[in-house]
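I have placed the structure first, in the form of structure tokens, so that the comments after it can refer back to it.
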Amino acid sequence: ELKVEQNPLFLSMQEGKNYTIYCNYSTTSDRLYWYRQDPGKSLESLFVLLSNGAVKQEGRLMASLDTKARLSTLHITAAVHDLSATYFCAVDRGEYGNKLVFGAGTILRVKS
Amino acid sequence: NAGVTQTPKFQVLKTGQSMTLQCAQDMNHNSMYWYRQDPGMGLRLIYYSASEGTTDKGEVPNGYNVSRLNKREFSLRLESAAPSQTSVYFCASGGIYSNQPQHFGDGTRLSIL
């Protein structure tokens, strides 16, 4: 059974600082997705990572995937208040139908 | 550009009542999904439909039924609501290729008293 663990679950950081959110998963998969959710809102796709060594960057966020370690990271550079949200990683189970297993989410609060 | 539309947005039910959550997508996606989101647990897959005419169980299907009415519409039915089904329900759609992320609706906030 595929399990996905994120840490930390809650992160409070100062503006301008760097930090990394970790996403570990328990069984082989080479497809991983990062989503952002603002309070009371829907989920917005951030990154799609489809192979070992994949790296994607958008603004102050950079995501990477190491399929051998079963680990993805979401790195935040020089955080700003607008990045405050909940971030989810989701791993494809590898079965027909693109079924995802989500992590519990990381609540990020950036303090100005 | 509506994307994925869910109705209703909010609903309060009494234990034992039934209701259907509606979802429609206009992105011509083959696959559609229903998730529930509970605090501290991320999203969990209830049912999915890989293509029109097919449905299958996800992680937490008990107490729910689904209908893939056509390519655009995928409904979720609670036959006899229970307090444990209080949650936020999200519908999503996606292409058959994993390089496409799933697109989510705005959610239905359901409370069962």
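The sequence lines fix the lettering, A, B, ..., with proteins before strands; numbering per chain opens at 1.
Cluster annotation: B:F90 and B:Y47 are assigned to distinct hydrophobic clusters (Ile/Leu/Val/Met/Phe/Trp/Tyr, side-chain heavy-atom contacts under 4.5 Å, transitive). Hydrophobic cluster membership is shared by A:Y87 and A:M13, with clusters built from Ile, Leu, Val, Met, Phe, Trp and Tyr side chains linked at under 4.5 angstrom.
Annotation for A:E1: atom CD does not count as buried by contact number, only 12 or fewer foreign heavy atoms lying within 6.0 Å. For A:M62, the CE atom counts as loosely surrounded, since its 6.0 Å shell holds 12 or fewer non-hydrogen atoms of other residues, nucleotides or ligands. Crowding of A:E5 atom CD: a count of heavy atoms from other residues, nucleotides or ligands under 6.0 Å not exceeding 12.
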Chi angles and distances behind the side chain to side chain contact (heavy atoms under 4.5 Å, CB included) call for B:Y48, A:K99: CA-CA 8 Å; B:Y48 71 99; A:K99 291 173 286 185; 3.1 Å; yes
Stepwise side chain to side chain contact (heavy atoms under 4.5 Å, CB included) test for B:Q102 and A:Y35: CA-CA 10 Å; B:Q102 292 179 15; A:Y35 288 88; 3.6 Å; yes
Please assess A:F88 against B:Q37 for the test side chain to side chain contact (heavy atoms under 4.5 Å, CB included), listing each intermediate value before the final yes or no. CA-CA 12 Å; A:F88 293 96; B:Q37 182 178 27; 3.3 Å; yes
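At a 4.5 Å heavy-atom cutoff, the contact between A:L43 and chain B is made by backbone and side-chain atoms alike. In this structure, the portions of A:L100 lying under 4.5 Å from any heavy atom of chain B include both its backbone and its side chain.
Shown here for A:S45 and B:P101, the closest heavy-atom pair between the two residues is OG-CB, 3.3 Å. Of all non-hydrogen atoms in B:L43 and A:F102, the two that sit nearest each other are O-CB, 3.5 Å.
Scored by the ring-ring contact (aromatic ring centres under 6.0 Å, His included) test, B:Y89 finds B:Y64 as partners (sequence neighbours excluded).
No donor-acceptor pair closer than 3.5 Å links the side chain of B:R44 to the backbone N or O of A:V101.
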